[in-house]
Amino acid sequence: MKISIIGSGYVGVVTGACLSEFGHEIIFVDIDQKKIDLLNKGIPPIYELGLADILEKNKHLISATDDYNSAIGATDLTFISVGTPCAENGTIDTVYVRSAAENIGSALKNTGKKDIHTIIVKSTVFPGTTESVVLDALERMSGKTAGEGFYLGCNPEFLKEGVAIEDFMNPDRIVIGSYDDGAGRVLSELYASFDCPKVITGIKTAEMIKYTSNAFLATKISFANEIGNICKKAGIDTEEVFKGVGLDARINPSFFRSGIGFGGSCFPKDVRALLSGAAESGVDTAILKAVLDVNEAQPLVMIDLLNKHIPDLKGRKVGLLGLAFKPDTDDIRESRAIPVISALTDMGAEVVGYDPLASENMSVLFPDVVYAKEISEVMACDAVLITTEWPEFENLDYSGKLVIDGRRVRRAAETAEIYEGVCW
Ligand code: UGA
């Protein structure tokens, strides 16, 4: 198929790159000339494991432009995968989704395209958004009617940063929300070779499946952290507890790793959006509130444990191992290292941070932190706090160190002079 992808952020580029692996022709549309130039050279504008190889290999199938008319005119199917930033009240800001839909609508009109075009929303949007914001913008700008002049659907993604390509290629399921039969048909054809259950449903339901999945995974993590806090006090190994619990087929063992909580661009934002959306419609969401409360408090457990050993942090050097919100990414959005750095600097400590990929991004937020080039600079501090479980941290020698571990690095537990895990 010929596919255009609006927004060459994380989801858009991974989706386009993976679809090119099936021989589809991809045109990325973006407003950022730097991203366009990179993509046209076969270079990823974001870091994701394996992405560079695919883009280089499939250069002949991939192009990028800022011109909607040429991209829409030359393709049959368009994915909208632009950002949905958090608005002030916790809901999502649909400004980019709306503008993408308006531009697609105009292009459908300008190009006078005869073949029926399919538009699919991949951005995570609050249930109802595709059928209100996107549908309205497309019909208004194109002068066409959904279901007749164009097909409309949504197709939420379930990609985890760091393993997004693997997730795309081997999905647990594919969710297709279809406004009309056409969108369902086109996506069923696109994903025909994927051997997994396909849930074909209404658009609002598909949008809600995405939010519910993320909210449930976030709930599992906060629950594991609350139980972990109890285990820590009781001298019980929380990991062993969840091994035993997860063996129940009704429960499943994944996403029970306790520690300092969840970060990233999805869980915190999506739970907040669900909570705000529910409040707007008069629904009280006690569980979602608690999920966020536990997640806010959890990184600060590290500070309490540190204070047990160094009551006055003024002028003391504290090293942080890991700044990214999880390993294998340079992404620091909502990283749990952020509240830890804030608390440490408020207490007068001097913070030395190390991360294989994310130091540059963190330096924009905290210019006064010392960003170590070598891990040894962190190891020379008065205390070492582990905030991201990069695999290389398993190969360090922590002997003689005071270590507060937020992510369960075995080697630290084995070799540190004084070792405190947050939930173990
Ligand atoms: C998450 C979901 O896992 C994806 O399915 C979804 O597609 C994506 O959001 C999205 O909505 O786009 P992602 O944010 O990339 O993916 O990362 P995760 O691997 O889910 O980790 C999120 C956070 O939870 C990280 O800070 C991680 O350290 C933390 N986490 C994860 C835990 O603290 N414990 C766990 O057991 C698992």
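Read the numbers this way: they start at 1 and go in the same order the structure lists the ligands and their atoms.
Regarding atom 8 (C) of ligand 1, its nearest protein heavy-atom neighbour is Leu159 O, 3.3 Å. Taking atom 5 (O) of ligand 1 as the reference point, the nearest protein heavy-atom neighbour is Phe158 O, 3.3 Å. Considering only non-hydrogen protein atoms, atom 36 (O) of ligand 1 sits nearest to Arg257 N, 2.8 Å. Closest to atom 37 (C) of ligand 1 among all protein heavy atoms lies Phe255 CD2, 3.5 Å. Closest protein heavy atom to atom 9 (O) of ligand 1: Cys266 CB, 3.3 Å. For atom 21 (O) of ligand 1, the closest non-hydrogen atom on the protein side is Lys326 CD, 4.0 Å. Counting protein heavy atoms only, atom 14 (O) of ligand 1 is closest to Phe325 CE1, 3.7 Å.
Where the criterion is an N or O separation shorter than 3.5 Å, residue side chain and backbone included, Lys160 fails it with respect to ligand 1. Geometrically, ligand 1 and Ile221 share no nitrogen or oxygen pair separated by less than 3.5 Å. Considering backbone and side-chain N/O of Asn214, one or more are found under 3.5 Å from N/O of ligand 1. Among the atoms of Phe262, none of the N or O lies under 3.5 angstrom from an N or O of ligand 1. Taking only nitrogen or oxygen atoms, main chain and side chain alike, Gly264 does not reach within less than 3.5 Å of ligand 1.
Just one residue in the list Asp328, Asp167, Asp172, Asp331 forms a salt bridge (charged side-chain N to carboxylate O under 4.0 Å, His left out) with Lys160, and that residue is Asp167. Applying side-chain hydrogen bond (donor to acceptor under 3.5 Å, both in side chains) to Tyr10 and the options Glu161, Glu157, Glu48 leaves one that passes, Glu48.
Considering CZ of Phe366 and OG of Ser342, their distance stands at 3.5 Å, rounded to 0.5 Å. Asn58 CG to Asp53 CG: the interatomic distance, rounded to the nearest 0.5 Å, is 10.5 Å.
Within the 4.0 Å heavy-atom cutoff, Thr124 does not count among the residues contacting ligand 1. Using 4.0 Å as the threshold, Glu334 has no heavy atom nearer than that to any atom of ligand 1. At least one heavy atom of Gly261 sits less than 4.0 Å from an atom of ligand 1.
Within the 3.5 Å criterion, the main-chain N or O of Leu152 finds a donor-acceptor partner in the side chain of Asp180.
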Arg316 vs Asp382, salt bridge (charged side-chain N to carboxylate O under 4.0 Å, His left out): CA-CA, chis, key distance, verdict:
CA-CA 7 Å; Arg316 304 297 294 269; Asp382 297 315; 3.1 Å; yes
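Salt bridge annotation for Glu377-Lys317: absent, with no cationic side-chain nitrogen under 4.0 angstrom from a carboxylate oxygen. The residues Glu420 and Lys308 are annotated as salt-bridged, a charged nitrogen and a carboxylate oxygen being separated by less than 4.0 angstrom.
Listed by atom number, the atoms of ligand 1 under 4.0 Å from Glu161 heavy atoms are 15 (O). Of all atoms in ligand 1, numbered sequentially from 1 with element shown, those under 4.0 Å from a heavy atom of Lys210 are 6 (C), 7 (O), 10 (C), 11 (O), 12 (O). Within ligand 1, the atoms closer than 4.0 Å to a non-hydrogen atom of Phe256 are 36 (O), numbered from 1 in the order shown.
In terms of heavy atoms, Gly261 sits closest to Arg336 at O-CG, 3.5 Å.
No close placement of the Tyr371 and Tyr354 rings is indicated, their centers lying 6.0 Å or farther apart.
For Arg407, every heavy-atom contact with ligand 1 shorter than 4.0 Å involves the side chain, none the backbone.
By the 30° and 60° cut-offs, the orientation of the rings of Phe22 relative to Phe194 is tilted. Under the 30°/60° scheme for interplanar angles, the aromatic rings of Phe267 and Phe262 are found to stand perpendicular.
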